[in-house]
Amino acid sequence: MASHRLVAHCRQDLLQRLPVEVAEEVADGLDDSYEEYLSRGLTPDQAATAALAEFGDPGQIVDAFRRASPVRRLARMLVLTGPLVGGWWAAALISSRAWDWSIPLSARLVAGPLVAASVALLMTALLSRRYQALQRAGIAGCLGVAALDAAVITTVMVLAPDGRWLFIVAACLSAVRLTFVARSLRRILVQAGM
Amino acid sequence: MKAELLKGHLDALILAALERGPLHGYAVMETLRESSGGQLDLPTGTIYPALHRLEAAGLIAGSWSLVGGRRRRCYLLTQAGRKALSGRRADWREFARVISGVLEGSPWPATAS
């Protein structure tokens, strides 16, 4: 059935602000509503107006998806638990004078910007009003945190094998976080059809 | 019905709507509207994000199909969703019993001390 131009305009608006699959699903509901009003005997203009009124403001729908986004929830969890895990690692590294370890200069130079970039991406995911930007920044930030966790666990296993308890606790925290992020991201990406 | 009264119950309502079989988003809204005699007229901005949240939680599963030349995403209740619905029903019965007892002034059931 041919769609009304107002309905088509709303569909286009959603396609610009949501992932294609999500926008198509929501717009399908709008088409159903439009057809329902047509079947009740309304003219196409009346049916489109009624369907759009029932549908609500596309901006509010996008905002509802933004607030319910599992990527945003994962980013918030990482931001909230970040200081605990990071603080524990800082205490462990300071107590064993990690600056004296034989870590290549390139790795030292990459670590700081990677932490800063990951935090910035996670904060973007939390604060962005745009759904698509939120998803991209959140997934990138989560991957950054996962990479940091994997790198720091590997480094400590190689350079500090004596197993001081601060390192053991920090490595366990990172391992739990890494596993959780990997499982959550896998579920998110499967659901998004990626 | 006021939207704030539904807070905390939306997930259970959607799970209940899907209990009889797979539905797409608009059909979930229609089912809730019809089964409540028009009292539950939930906006699109509430239903679709909630469906995605429930799917992410593993309580429902979505899949695409082609209906009348249009792609349509339908959802069905998973085993975990059925279990969650059962739990939410039991919680609701208990909640309704307690609140009704207080609001209607009926005697409070004695508890062993």
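A continuous path of Ile, Leu, Val, Met, Phe, Trp and Tyr side chains, each step under 4.5 Å between heavy atoms, connects A:V26 with A:L6, placing both in one hydrophobic cluster. A:V79 and A:V176 fall into different hydrophobic clusters, where Ile, Leu, Val, Met, Phe, Trp and Tyr residues are linked whenever their side-chain heavy atoms come under 4.5 Å apart, directly or through other members. Grouping the Ile, Leu, Val, Met, Phe, Trp and Tyr side chains by contacts below 4.5 angstrom, directly or via other members, places B:L40 with B:Y48. In the hydrophobic cluster analysis, where Ile, Leu, Val, Met, Phe, Trp and Tyr join through side-chain heavy atoms closer than 4.5 angstrom, A:L78 is grouped together with A:V119. Follow the hydrophobic side-chain contacts under 4.5 Å out from A:L178 and you never reach A:V152; the two are in separate clusters.
Inter-residue side-chain proximity for B:R70 and A:D31 is flagged as met; some heavy-atom pair is nearer than 4.5 Å.
By the 6.0 Å contact criterion, CZ on B:R71 is enclosed, its count of non-hydrogen atoms from other residues, nucleotides or ligands being greater than 12. Heavy-atom neighbours of A:R40 CZ from other residues, nucleotides or ligands within 6.0 Å: above the threshold of 12.
Residue-level contacts of residues 50-57 of chain B with chain A, in order of numbering, are B:H52, B:R53, B:E55, B:A56; threshold 4.5 Å between heavy atoms. Listed by sequence position, B:R73, B:Y75 are the residues of residues 73-82 of chain B in contact with chain A, using a 4.5 angstrom heavy-atom cutoff.
In this structure, the separation between CD on B:E30 and CG on A:D32 is 8.5 Å, given to the nearest 0.5 Å. Taking CD1 from A:I61 and CD1 from B:I47, the interatomic distance works out to 11.5 Å, rounded to the nearest 0.5 Å.
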Might you work through the salt bridge (Lys or Arg N to Asp or Glu O under 4.0 Å) test for A:E54 and B:R33, ending with a clear yes or no?
CA-CA 13 Å; A:E54 183 182 79; B:R33 193 180 297 150; 3.5 Å; yes
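Using a 4.5 Å cut-off between heavy atoms, A:R73 touches chain B through its side chain atoms alone. Heavy atoms of A:S69 lying under 4.5 Å from chain B are absent altogether.
Using a 3.5 Å distance cut-off with no hydrogens or angles, the side chains of B:W64 and A:E25 do not pair a donor with an acceptor.
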